[in-house]
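Shown next, in structure tokens, is the structure this report addresses.
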Amino acid sequence: MNENNINENETGKSNFIKDIIREDLKTNKNDGVVATRFPPEPNGYLHIGHAKSICLNFGLAAEFSGTCNLRFDDTNPSKEETEYVDSIQEDVRWLGFDWEDRLFYASDYYEQLFDFAVLLIKKGKAYVCDLTADQMREYRGTLKLPGKESPFRNRSVEENLDLFNKMRSGEFKDGEKTLRGKIDMSSGYIVMRDPVLYRIQRTTHHRTGDAWCIYPMYDFAHPLSDAIEGITYSVCTLEFENNRPLYDWVVNEAEAAHKPRQIEFARLNLSYTVMSKRKLLELVTKNYVSGWDDPRMPTIAGIRRRGYTPESIRDFAERIGVAKADNMVDIALLEHCLREDLNKKAQRVMAVIDPVKVIIDNYPDGQVEYVEAVNNPEDENMGKREMPFSKELWIERSDFMEVPAKGYFRLSPGAEVRFKHAYYIKCVSVDKDSSGNIETIHCTYDPVTRGGWSEDGRKVKGTIHWVSAAQAVTAEVRLYEHLFIKENPDDLAEGEDYKANLNEDSLKIVENVFIEPFVKDFKAGDRFQFDRTGYFCIDKDSSEDKFVFNRTVSLKDSWGKTANKSA
RNA sequence: UGAGGCGUCGCCAAGCGGUAAGGCACCGGGUUUUGGUCUCGGCAUCCCAAGGUUCGAAUCCUUGCGCCUCAGCCA
């Protein structure tokens with residue numbers, strides 16, 4: 001079956017890009033070299049869509065014994081900042097990828113790029129144009145009508161060379177002149193209608209400072225950066241498909257030694273969130289969220305703070321595949337990947353989020369005993385811990401029903417349940433306040449059921465979690481839900497903005513959550529499963545005297561589902 | 001009658017002329033000191049549509065239909 005598979009490192013499922021690479025390897029197209037790159041523009045934080053691209057590019061390199069560079073496409077100083085180049089590196093590393101010594105910047109190539117431009121001018125393939133931005137738009141034509149040639153299109157090579165050098169030395173004002181490729185003003189590919197290659201812009205660049213006042217455009221800098229680095233597969237998203245003829249034109253006319261091949265794939269869309277940098281930036285700057293790393297954001301930084309693991313994201317990237325059809329992946333798949341990973345790894349701990357007091361009437365006053373609790377039933381090696389048990393405990397309000405619904409097998413008057421790892425407990429009575437709210441549940445325990453089982457074969461269907469009141473750690477818990485109420489936030493009524501679909505309940509802060517004392521020794525970033533509730537991690541907002549937990553994702557809840565149905 | 005892409009289960013996605021993989025979601029059974037996990041079973045006679053070629057087509061051809069992208073001196 002794998003007889004055509006030349007490479008033994010290949011993992012996971014195949015896709016059309018791997019097919020192309022395999023074919024090239026077979027025909028020795030690039031002398032067996034596989035070189036990719038991840039080329040972000042440092043103008044924002046990376047998001048889960050970038051993660052797909054990162055996993056793809058670094059993954060291809062790993063599978064085919066190649067290399068993947070990290071290159072910042074920093075050709076527009078007015079939008080780019082060092083904060084972003086730092087965060088991007090942190091995020092790629094966190095995802096688990098290593099560019100070793102191959103960290104590059106398009107700005108590293110400005111001098112070479114300039115020389116390539118000079119070569120194009122000398123070949124009569126580029127010219128300096130005086131048209132204003134407005135005029136250029138007019139000359140460009142429309143989608144259906146061809147454009148017309150610039151009156152500056154036929155300047156002599158000498159004049160173009162002179163003008164281009166003067167552009168560089170700052171003799172013209174911003175926007176006064178551009179360098180354009182001389183291609184075809186009637187092309188169906190609008191990008192081929194004499195595209196701008198260089199513009200004049202006096203903005204301090206985050207790396208080159210004020211050394212340059214002309215900056216190359218993406219369509220010029222990107223293909224040549226790829227060529228300079230010897231990239232074999234320049235993988236990008238579908239919207240650049242229209243730019244491919246220009247990509248090839250630039251590489252060919254510049255007579256680059258290496259001729260990379262651009263391959264486009266469909267970018268990731270995730271339900272109940274947005275992926276556009278513009279929108280994410282707006283959510284941050286207008287304070288709809290607390291920052292780029294708000295746990296509700298689809299940014300790598302947000303997802304990380306939320307408690308996701310890099311493994312789960314890589315698994316997700318593998319499962320969604322790589323193709324060319326537009327897609328909208330169900331966020332439930334991402335959550336599934338996370339639960340699967342955390343189920344195997346997370347330390348279990350008992351925490352009561354919506355507490356109600358339980359008093360064990362027949363338990364000695366002031367006595368505290370310690371019961372043994374398994375840290376992770378999926379992994380014996382994670383060992384056991386001791387949990388304090390006493391007369392006064394907290395349990396989840398939803399684990400008691402004075403009048404049990406059909407099918408409900410948790411605590412209710414007269415019913416017996418297991419307090420996990422502790423004892424069988426039976427409810428005997430309930431205290432209510434003046435308005436009828438339950439204040440205290442009185443129970444009895446059966447001393448012979450220590451550990452949570454009995455020899456008499458008594459069957460106890462329900463098992464609930466609890467926390468001993470006196471020793472409980474009090475914490476704040478942040479419960480998150482989808483940032484948007486619609487699967488596709490861009491599904492809008494007439495005149496609406498995507499922000500109309502923001503979920504007002506995406507963050508619910510719960511104070512006074514009681515957690516077993518075991519969590520005391522842990523630190524920000526540590527992950528847990530709160531028994532029967534969900535996966536949580538300690539947030540960086542935690543301090544000496546206050547724990548803050550983020551709910552990463554809840555556990556699946558088939559009872560909640562049926563309960564909702566009958567409600 | 002501008003150009004370039006894409007259309008396989010609710011959502012992703014294999015398939016590359018030999019008679020529809022897999023995952024998620026969903027539904028149902030079993031196990032269970034998490035109504036979690038695990039486990040068993042169900043879930044496209046059909047591949048945008050209609051013609052055609054072929055012994056045989058989701059895969060080839062034709063013609064339609066639908067959706068996406070492109071008119072920044074952004075990337």
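Chain identifiers are assigned alphabetically (A, B, ...) following the order of the sequence lines, protein sequences preceding nucleic acid strands; residue numbering begins at 1 within each chain. Just so it is clear, the model here is predicted, and its values are computed rather than measured.
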Notebook entry, point to check: So, is A:Lys144 near the phosphate of B:rU1, with a side-chain N or O under 4.0 Å from OP1 or OP2?
Noted result: no
Check: Once you round it to whole Å, what is the distance between P of B:rC16 and NZ of A:Lys26?
Finding: 14 Å
Margin query: Between A:Glu282 and A:Lys279, does any side-chain N to carboxylate O distance fall below 4.0 Å?
Written below: no
Notebook entry, point to check: Syn or anti for B:rG72, taking syn as within 90° of 0?
Noted result: syn
Margin query: Please report the distance, rounded to the nearest Å, between CG in A:Leu238 and C1' in B:rC6.
Written below: 8 Å
Notebook entry, point to check: Could one point to a donor on the side chain of A:Asn242 or the base of B:rU69 with an acceptor on the other under 3.5 Å away?
Noted result: yes
Notebook entry, point to check: To the nearest Å, how far apart are A:His222 NE2 and B:rC74 P?
Noted result: 17 Å
Check: Any donor-acceptor pair under 3.5 Å between the side chain of A:Gln529 and the base of B:rU34?
Finding: yes
Next item on the list: Quick one: label A:His336 by what it contacts on the DNA or RNA (base, sugar-phosphate, nothing), any heavy atom closer than 4.0 Å.
Entry: sugar-phosphate
Notebook entry, point to check: Which of the following nucleotides, B:rA3, B:rG36, B:rC70, is nearest to the side chain of A:Tyr189?
Noted result: B:rA3
Checklist line | Most 5' of A:Glu80 and A:Ile190 on RNA chain B, judged by nearest nucleotide | finding: A:Ile190
Check: With a 4.0 Å cut-off on heavy atoms, is A:Phe240 in touch with a base, just the backbone sugar-phosphate, or nothing at all?
Finding: base
Next item on the list: Report the distance from atom CD of A:Gln201 to atom C1' of B:rG72, rounded to the nearest whole Å.
Entry: 12 Å
Next item on the list: Measure from the side-chain heavy atoms of A:Lys79 and tell me the nearest of B:rG7, B:rC74, B:rG2.
Entry: B:rC74
Notebook entry, point to check: For residues A:Tyr109 and A:Glu229, is any side-chain donor paired with an opposing acceptor at under 3.5 Å?
Noted result: yes
Notebook entry, point to check: Where the side chain of A:Arg140 is defined as all heavy atoms beyond and including C-beta, which of B:rG2, B:rC73, B:rC26 is the nearest nucleotide?
Noted result: B:rC73
Checklist line | Evaluation steps, side-chain hydrogen bond (donor to acceptor under 3.5 Å, both in side chains), between A:Tyr189 and A:Asp184 | finding: CA-CA 9 Å; A:Tyr189 288 97; A:Asp184 176 7; over 6 Å; no
Next item on the list: Could you give the distance separating B:rU59 and B:rU1 at their C1' atoms, to the nearest angstrom?
Entry: 29 Å
Next item on the list: Just call it for A:Phe409: base, sugar-phosphate, or nothing, with non-hydrogen atoms closer than 4.0 Å on any strand.
Entry: base
Checklist line | Touch class at under 4.0 angstrom, heavy-atom based, for A:Asp326 against every strand present | finding: sugar-phosphate
Next item on the list: Would you classify A:Lys344 as touching base, sugar-phosphate or nothing, given that sugar-phosphate means primed atoms plus P, OP1 and OP2, and contacts are heavy atoms under 4.0 Å?
Entry: nothing
Next item on the list: Using a heavy-atom cut-off of under 4.0 Å over every strand shown, decide if A:Gly534 touches base, sugar-phosphate, or nothing.
Entry: nothing
Checklist line | B:rG15 versus B:rA58 - spacing of their C1' atoms, nearest Å | finding: 8 Å
Next item on the list: Name the nucleic acid region contacted by A:Thr142, choosing base, sugar-phosphate or nothing; use a 4.0 angstrom heavy-atom cut-off, strictly under.
Entry: base
Check: When the C1' atoms of B:rA44 and B:rA13 are considered, how many whole Å apart are they?
Finding: 14 Å
Next item on the list: Identify the heavy atoms of A:Lys182 and A:Trp249 that sit nearest to each other, and give their distance.
Entry: O-CZ2, 4.0 Å
Notebook entry, point to check: Within the structure shown, what part of the strands sits under 4.0 Å from A:Met217 by heavy-atom distance: base, sugar-phosphate, or nothing?
Noted result: sugar-phosphate
Notebook entry, point to check: Hey, what's the ring geometry for A:His482 with A:Tyr272, parallel, tilted or perpendicular (30° and 60° as the breaks)?
Noted result: parallel
Checklist line | Among B:rG4, B:rG36, B:rC6, the one nearest A:Lys324 by side-chain distance | finding: B:rC6
Note to self: Say we look at B:rC65 and B:rC73: how far apart would their P atoms be, to the nearest angstrom?
What the structure shows: 34 Å
Checklist line | Rounded distance (Å) that lies between atom P of B:rC74 and atom NE2 of A:His205 | finding: 14 Å
Margin query: So if I take every side-chain heavy atom of A:Trp559 and compare against B:rA3, B:rG35, B:rC74, which nucleotide ends up nearest?
Written below: B:rG35
Notebook entry, point to check: Across the strands shown, which category fits A:Asp219 at heavy-atom distances under 4.0 angstrom: base, sugar-phosphate, nothing?
Noted result: nothing
Next item on the list: Find the distance A:Arg193:CZ to B:rC70:C1' and express it as a whole number of Å.
Entry: 10 Å
Check: Under 4.0 Å between a side-chain N or O of A:Thr132 and OP1 or OP2 of B:rC73?
Finding: no
Note to self: Nearest to the side chain of A:Arg199, heavy atoms from C-beta on, is which of B:rU34, B:rC73, B:rC12?
What the structure shows: B:rC73
Notebook entry, point to check: Rounded to whole angstroms, how far apart are CG on A:Asp174 and P on B:rC73?
Noted result: 15 Å
Note to self: Once you apply a heavy-atom cut-off of 4.0 Å, does A:Thr533 come out as touching a base, just sugar-phosphate, or nothing?
What the structure shows: nothing
Next item on the list: Find which nucleotide of RNA chain B each of A:Ser187 and A:Arg418 is nearest to by heavy atoms, and output the residue with the more 5' nucleotide.
Entry: A:Ser187
Notebook entry, point to check: At under 4.0 Å between heavy atoms, what does A:Ala323 touch on the DNA or RNA strands: base, sugar-phosphate, or nothing?
Noted result: sugar-phosphate
Notebook entry, point to check: Centre of A:Tyr105's six-membered ring, under 6.0 Å away, within 45 degrees of the axis: is that where NZ or CZ of A:Arg71 sits?
Noted result: no
Margin query: Return the pairing partner of B:rU69 with a 3.5 Å limit on both distances, Watson-Crick or G-U wobble; otherwise return none.
Written below: B:rA3
Margin query: Base, sugar-phosphate or nothing for A:Arg137? Non-hydrogen atoms, less than 4.0 Å.
Written below: sugar-phosphate
Notebook entry, point to check: Considering only side-chain heavy atoms of A:Arg532, which listed nucleotide, B:rU34, B:rC12, B:rC27, is closest?
Noted result: B:rU34
Check: Does A:Glu239 get its side chain close enough to the base of B:rG4, under 3.5 Å, for a donor-acceptor pair?
Finding: no
Note to self: Can you confirm whether A:Arg168 is buried at CZ, in the sense that more than 12 heavy atoms of other residues, nucleotides or ligands lie under 6.0 Å from that atom?
What the structure shows: yes
Item checked: For B:rA58, the Watson-Crick or wobble counterpart (both distances under 3.5 Å) -> none
Next item on the list: Scan A:Phe220, A:Phe172, A:Tyr215 and name whichever one has a ring-ring contact (aromatic ring centres under 6.0 Å, His included) with A:Tyr198.
Entry: A:Phe220
Margin query: Roughly how many Å apart are B:rG42 and B:rG23, using the P atom of each and rounding to a whole number?
Written below: 12 Å
Next item on the list: Considering just the side-chain nitrogens and oxygens of A:Ser558, establish if one lies under 4.0 Å of OP1 or OP2 belonging to B:rG36.
Entry: yes
Next item on the list: For A:Asn243 and B:rC68, give me the distance from atom CG to atom P, rounded to whole Å.
Entry: 19 Å
Check: When all nucleic acid strands are considered with a 4.0 Å heavy-atom cut-off, which category describes A:Lys556: base, sugar-phosphate, or nothing?
Finding: sugar-phosphate
Notebook entry, point to check: Do side-chain atoms of A:Glu318 reach the backbone of A:Lys13 as a donor and acceptor pair under 3.5 angstrom?
Noted result: yes
Note to self: Suppose we define a pair by two distances each less than 3.5 Å, Watson-Crick or G-U wobble; what does B:rA75 pair with here?
What the structure shows: none
Note to self: Is a donor from one side chain sitting under 3.5 angstrom from an acceptor on the other, for A:Thr237 and A:Arg267?
What the structure shows: no
Check: Expressed as a whole number of Å, how far does the C1' atom of B:rG66 sit from that of B:rC27?
Finding: 32 Å
Notebook entry, point to check: With a 4.0 Å cut-off on heavy atoms, is A:Pro377 in touch with a base, just the backbone sugar-phosphate, or nothing at all?
Noted result: base
Next item on the list: Determine the interatomic distance between P on B:rC68 and the same-named atom on B:rC26; round to the nearest Å.
Entry: 29 Å
Check: Distance between the P atoms of B:rC12 and B:rG4, in whole angstroms?
Finding: 26 Å
